[in-house]
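One structure is given here, and the rest of the page talks about it.
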Amino acid sequence: MNFHLSDEQAALQDAVRRFAAEQAEAGVRRRAFESEDGLDRPFWDGLVALGVGGVGIAEEFGGLGLDWIDVALVAEALGYEAAPGPFLGHVVAALAIQRFGTEPQKQAWLPRLATGEKIGTVALAEAGERWRPKEWSLGLDGHGRLSGAKANVPYAAVADVLVVGLSDGGLALVASEAGGLACEPLDVADRTRRLWNVTFRDARAERLPAGDCALLRDALCVLLAADAFGGAMRVLHMTAEYAKTREQFGQAIARFQGVKHQLANLAAEIAPCQGLYWYAAVAFEQAPDERAQAAAMAKAHLGDRFMEAGRTAVELHGGIGYTWEYDLQIWVKRAMFDFAFGGPPSLHRARAMSLTAPRAEPDRPPQDKARAEEVLA
Amino acid sequence: MNFHLSDEQAALQDAVRRFAAEQAEAGVRRRAFESEDGLDRPFWDGLVALGVGGVGIAEEFGGLGLDWIDVALVAEALGYEAAPGPFLGHVVAALAIQRFGTEPQKQAWLPRLATGEKIGTVALAEAGERWRPKEWSLGLDGHGRLSGAKANVPYAAVADVLVVGLSDGGLALVASEAGGLACEPLDVADRTRRLWNVTFRDARAERLPAGDCALLRDALCVLLAADAFGGAMRVLHMTAEYAKTREQFGQAIARFQGVKHQLANLAAEIAPCQGLYWYAAVAFEQAPDERAQAAAMAKAHLGDRFMEAGRTAVELHGGIGYTWEYDLQIWVKRAMFDFAFGGPPSLHRARAMSLTAPRAEPDRPPQDKARAEEVLA
Amino acid sequence: MDLTLGEEYDAFREEVLQFLAEAWPPRQPSGDEAADAKAFRRLATERGLLYRRFPREYGGSGQAPDPLKDRIVREEFARRGAPGELAGIGQKMLAPTLLARGEEWQKRRFIAPTLAGDLVWCQGYSEPGSGSDLASLRTRAVLDGDAWVIAGQKIWTSDARAADYMFILVRTEPDAPKHAGISYLLLDMKAPGITIRPLKQMNGEAHFNEVFFDEVRTPADWIVGKRGEGWSVARTTLSFERASVNAPEAMDDLLRRVKDQARTARRNGRPLIEDPVFRDELARVEGYAMAHRYSVLRQMSMDTVGQDPGLAGLCNKLVGTDVGLKIARLFQEAAGDAGLLMPGPGVTRDDMDAMFWIMRSMSVTIAGGTSNIQRNIIAERGLGLPRDPGS
Amino acid sequence: MDLTLGEEYDAFREEVLQFLAEAWPPRQPSGDEAADAKAFRRLATERGLLYRRFPREYGGSGQAPDPLKDRIVREEFARRGAPGELAGIGQKMLAPTLLARGEEWQKRRFIAPTLAGDLVWCQGYSEPGSGSDLASLRTRAVLDGDAWVIAGQKIWTSDARAADYMFILVRTEPDAPKHAGISYLLLDMKAPGITIRPLKQMNGEAHFNEVFFDEVRTPADWIVGKRGEGWSVARTTLSFERASVNAPEAMDDLLRRVKDQARTARRNGRPLIEDPVFRDELARVEGYAMAHRYSVLRQMSMDTVGQDPGLAGLCNKLVGTDVGLKIARLFQEAAGDAGLLMPGPGVTRDDMDAMFWIMRSMSVTIAGGTSNIQRNIIAERGLGLPRDPGS
């Protein structure tokens, strides 16, 4: 496989990172973190102007027409900057409509999602750690109405359209202006990515033909992994920079070999992980057989790495790293989000193993192995 | 609980350690390691002269009449010195005969085990990682004869009496001079504690009335944990001393904070573990309800700690630590023994958890908890 | 070695039980719980059960130090819900320091009301520029007639708003070498010129504060030890702090909570506590926690007969924080979707939920000296490795 | 970015397959396998497929460097069992060093036979007193007429007994500063005065040796670079070694072996591979191994277009050894009772069993620079932290 970014890919990621960094410098991250709903409209509009609203939406509908790897590259950039807003739910909702929607559904939503006129989100989990479709209870009744509750829905209160996971593994579309839903805000740790619980009461819903929850879950896992990689790299950089300036015993703590080696170990945990989410993002479209496993491994591994990076970073910062005022806490809480949202790493490890090491059967038949190596090559 | 050694306890442990250190200095450890059968008679006789052969054997049978904690203290001392020989199997066999034997059986064996005239051992495991009584197949036939095989029997070829675990959870006594057994030596890693596979063919055996395999397993676990603690402490001391003398870049490597912190972390992993095996050893006799769980936790935790200490020590030593000529490798292999013999740490963790956290029931009823705290107090 | 404590202690436990049967709950409750608790504490001290190490003239009970007897009192009092020793920074750090290093009038004036809970203290050690490197502190005090005049800033001051007094390290001898220029002063927190600014923490608590000193005056004789001896006085106190953080009881309590949580949390439709992967991880952590618990008990036994616990004692702090982090990982596994939320409203240190501890565990690697400082102490004092140059 | 390599590489793979169809196995086998392999290697080099970075005049195939093409050749050759590039220390380290720093006559004389396998080399770097601190070496060489005379001792010399020649670092300028006093010599291992003593290792192998030099002579012009330039010449070589250790293919192979073992090993009466705790641990290790694998592939892609892999590239060695240790722990879990035994008789690096790797993994934290040296490199070059004083 060719692990090489095209100039366009690099340029998009760069533009997003530069814009997000500039805006964070101007206070948007902290402002959104402390705000009521975690949405900074001008910032979101600015991202949308760069094409972020429709990275994966086809050009005919006004998007950039790029691949999931490109969406993931944006997610990494946003993770590096801990950028606030509805990106995660929005792009996954757009993916669902583009992949599974009828022509009229696409026409109705994609152009307005691409321009940022409308915000989309996904309502998958149900209360009580139920992240897997087979654990869900929500279904459409005979009249295309939806009743029941979804938990942990990103930016539900500001979303115009919700893609809702159904108990049969399918998906439905709910326009919030049609009414029938109530959103209850949650007191989330990661205040750059807010969540609501949503209760549907006879809400009008349209089924997305051939909608596939599992695919959305994999798409989500890839973006969480990308965000975690970006966030972990930032935590590494912040901590290394802090160590260079913080003085103790008459010298920068970066001169203490103990600190140097802790930072080197942290680097060795994180720096090699970029390819893990890249591979999962590319496999998402190009290798359907490996899609679920690669996404699960990336989400599990990077969810752990980011969280542990946060722990190490707080230790190396000392007291300041534990305060509300210093921004490290914002990344620590993003790490908590990437860890828990979509289910904890252990859940995804178990899934990944059951996808690769079926009970008592050889890993893969030899011919498959050869093929897998070809794909990897 | 009162974690205090009596003067007698300290004196016995000290005497054993001093003798073993002296003899190791004189080459006995290395000689036994390189020898055919891993038994150095004069050294074993010397240990026996200190009372090691009969620490736990009642005074009326010529032993010291001490408790299992005292046997474990000796095990720690022998572990610290990586002392070669049949101690492990010998003392557990003596325990079995003392606890479960008839008066004639005790008369026949205990005095001669205490004086070292005879060597005892235990044959518990069967081939294929079968360390738990319920996995065993060996039983006595109607004529008191034993046929079948036991695996990993310490010093089987030099033992005069074998305590054999039976499939019904009981124990039998086999005198090797009666014939009917064949010993096949194993190419073991830890050449200070040799193992044989033993095949019984109509071997004459006597049942130990009320013999209880589970108790022997717990006794073994305590001694393995004690040995592991002693060995791990030695590995820590060796490595700290090496770091003080080994120079790199013009100074002792102990001056590098990276090395200092690795050694400090190693110390923090090991130094607090002494009480873990002490508690298990005392509970072995004084708190039957906690016996199995405490022994399993001690074996699992210390088996892991010793093995990891060996890995860290080799890394800190550099190339020399990986050679056959430098003695560190002897402790690394003792760590492998303490890890694998009796089953790996994971097995004992699973056992310990099933003993404390039964499925879907509260940990312990409140009144038990209070009692447990009283016992701990 | 014995699973019981032996006859002397069994008899002592009897004595404690008898006292409790007489005195708690009070025969005639006054209706004022705080007053009842205070009266009971006074009575228990008179009977030789609380504040054993403090002489009677300073409000203690003047008994020979015996950590096992302390433990029995704590256990039996806790079992009956009777009020035990107060364990604030005043009782744990200031009072023992005064006892060891204070003037007679200081002991008489400050210790007894501190032990009784009438005086609340806070600690003025850390400064923004001096974390682990405490001796580099810059807050200064100048003797002006009958008073020290203090100017500078402290940080990470716990409970500064509730405290009556502060014990503070200040630089009084600017020309002396780093460690020799420091003095240990006492200070009324209501003195003019003090500004307190709460520091909000990651988990929403505002337990710590910044304290600013703008020419704050405290009497000239409110100094503990001589001028320039502050560093050595502080070390007396620090050793008490080191012993008090992360006691194994707290770890055991956390483990119980995490197990409770794992009984209600579900994984694959079954209680998490039944999940083999979680159980294995739990058992690993229990291994560490048990080792720590018995190691501390062993040290207490040694302490009782005057033996030095050596290397194992030096490891307590690092081991305690490490076990705390391991438990935090279990909590995070057990939290499930609650892992996305802030700690519940009103959650405090005494009543912690999973999220509270997941976050708070990150601060324990810092509190009471960072883990890297602990590693140096273990390596240098415990293993005899050479000291860091310049530390 | 693409799961395929793109058209250019697909075409190249076709070319490779076509060549193999023609040339391997040989149409007319000679009966001498080694000779057939050698002839095939020569042919493949002529066709531009092997030793791409070496010019044709020195026995290479003179192609533009392209790690992806190298990879395709390795894969397709391996699949057909065709002999690929030799990967001894001569091909991997000496030949590239000579190419970069050697005299013209040295290149002509030594490189081609080395690539062909006619010359086997060993490396004389480490000494008993100089491990990570290579530059402190003390083996000296003095110019005596037309020859260098070497005296001293080397250690950890792989395959010293099988080697024809050694490349060796010696101190030729005793008065120069540490690094500036070293020269890089070549040496015939059959020269009088050389004594080789095998060093038996923990796992029973005797792969390494001590080599003693008692006034050993080598021609004056068998020096690479100038007098005193040996340190910089050696660094050229060391960078090749760093890139070659712990390739992810080796890790993947180990993971396959450990999974095979877990399919036959039993736990609680079922295959270990079905045990949830083992599976979770396996998945954790696979996460690290996959990250490492894709990171190295990414670096290859960057290398192909001349980009610097930066921090991730500096982490390869440390990550590789760490994954190796993690796999060793899985092996130890899967080994069961075999964990009590020595590696099976005749087990070698190419055919390793669990015990072999459990032990050998301990040596990989040392080989090619200890892990602490790697940590310094990552911290200093990768994160821009200050250099250690005195290193």
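A, B, ... follow the sequence lines: proteins, then strands. Residue 1 opens every chain.
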Let's go through D/Q332 and B/M307 carefully: what are the C-alpha distance in whole Å and the side-chain angles of both, what is the deciding distance for side chain to side chain contact (heavy atoms under 4.5 Å, CB included) to 0.1 Å, and is it a yes or a no?
CA-CA 10 Å; D/Q332 201 164 16; B/M307 193 62 227; 3.2 Å; yes

Could you please spell out the steps behind the side chain to side chain contact (heavy atoms under 4.5 Å, CB included) verdict for B/T323 and D/F208?
CA-CA 9 Å; B/T323 59; D/F208 297 114; over 6 Å; no

Do you know which two heavy atoms are closest between B/F341 and D/L340, and how far apart they sit?
N-CD2, 3.8 Å

With respect to chain D, which residue among B/A350, B/G258, B/G318 yields the maximal number of heavy-atom pairs within a distance under 4.5 Å?
B/G318

Interchain contact, B/R193 with chain D, by part (heavy-atom threshold 4.5 Å)
neither

Leading residue by heavy atom contact count with chain D [cutoff under 4.5 Å; candidates B/I320, B/D190, B/L347, B/L328]:
B/I320

Exercise: identify the closest heavy-atom pair between B/G321 and D/M202:
O-CE, 3.7 Å

When rounded to the nearest 0.5 angstrom, what is the spacing between CE in D/M342 and CG in B/L186?
13.5 Å

Under 3.5 Å, is there a donor-acceptor pair linking the side chains of B/Q262 and D/N372?
yes

In terms of heavy-atom contacts, B/G128 and D/D337 come closest through N-OD2, 4.2 Å

Inter-residue atom distance B/R311.CZ - D/R329.CZ, 0.5 Å rounding:
5.0 Å

First locate atom CZ of D/R266, then atom CD of B/E135, and finally report the distance between them rounded to the nearest 0.5 Å.
10.5 Å

D/G129 to B/Q248 - nearest heavy-atom pair and separation
O-NE2, 3.4 Å

Looking only at B/P344, B/A151, B/G319, B/G343, the option with the highest number of non-hydrogen pairs under 4.5 Å against chain D is B/G319

Partner chain D: residue of B/E315, B/K333, B/M336, B/Q329 with the largest heavy-atom pair count (under 4.5 Å):
B/E315

When the 4.5 angstrom heavy-atom criterion is applied to B/K134 and chain D, the contacting part is neither

For B/I330, is it the side chain, the backbone, both or neither that has a heavy atom under 4.5 Å from a heavy atom of chain D?
neither

Dump the intermediate steps for side chain to side chain contact (heavy atoms under 4.5 Å, CB included) on B/W324 and D/E205, then the final yes or no.
CA-CA 9 Å; B/W324 190 274; D/E205 283 185 293; over 6 Å; no

In terms of side-chain geometry, is the basic nitrogen of D/K200 or B/E34 positioned less than 4.0 Å from the acidic oxygen of its partner?
no

Contacting moiety of B/Y326, where chain D heavy atoms sit under 4.5 Å:
neither

Closest non-hydrogen atom pair between D/A338 and B/E129, with its separation:
N-OE2, 4.4 Å

Please report the shortest heavy-atom distance between D/M359 and B/Y322, naming the atom on each side.
O-CE1, 3.1 Å

Heavy-atom cut-off 4.5 Å, strictly under: side chain, backbone, both or neither for D/A335 against chain B?
backbone

Need one label for B/N152: side chain, backbone, both or neither, based on atoms under 4.5 Å from any heavy atom in chain D.
side chain

Between B/R349, B/R132, B/R130, B/R246, who has the most heavy-atom pairs with chain D when the cutoff is under 4.5 Å?
B/R246

Shorter than 4.5 Å, heavy atoms on both sides: which option in D/A206, D/S361, D/G339 has the most such pairs with chain B?
D/G339

Sort B/R191 into side chain, backbone, both or neither according to what part of it lies under 4.5 angstrom from a heavy atom of chain D.
neither

Side-chain donor-acceptor pair present, B/S346, D/E333, cut-off under 3.5 Å
yes

Mind running side chain to side chain contact (heavy atoms under 4.5 Å, CB included) on B/D187 and D/L341 for me, showing each step along the way?
CA-CA 6 Å; B/D187 182 17; D/L341 306 178; 5.6 Å; no

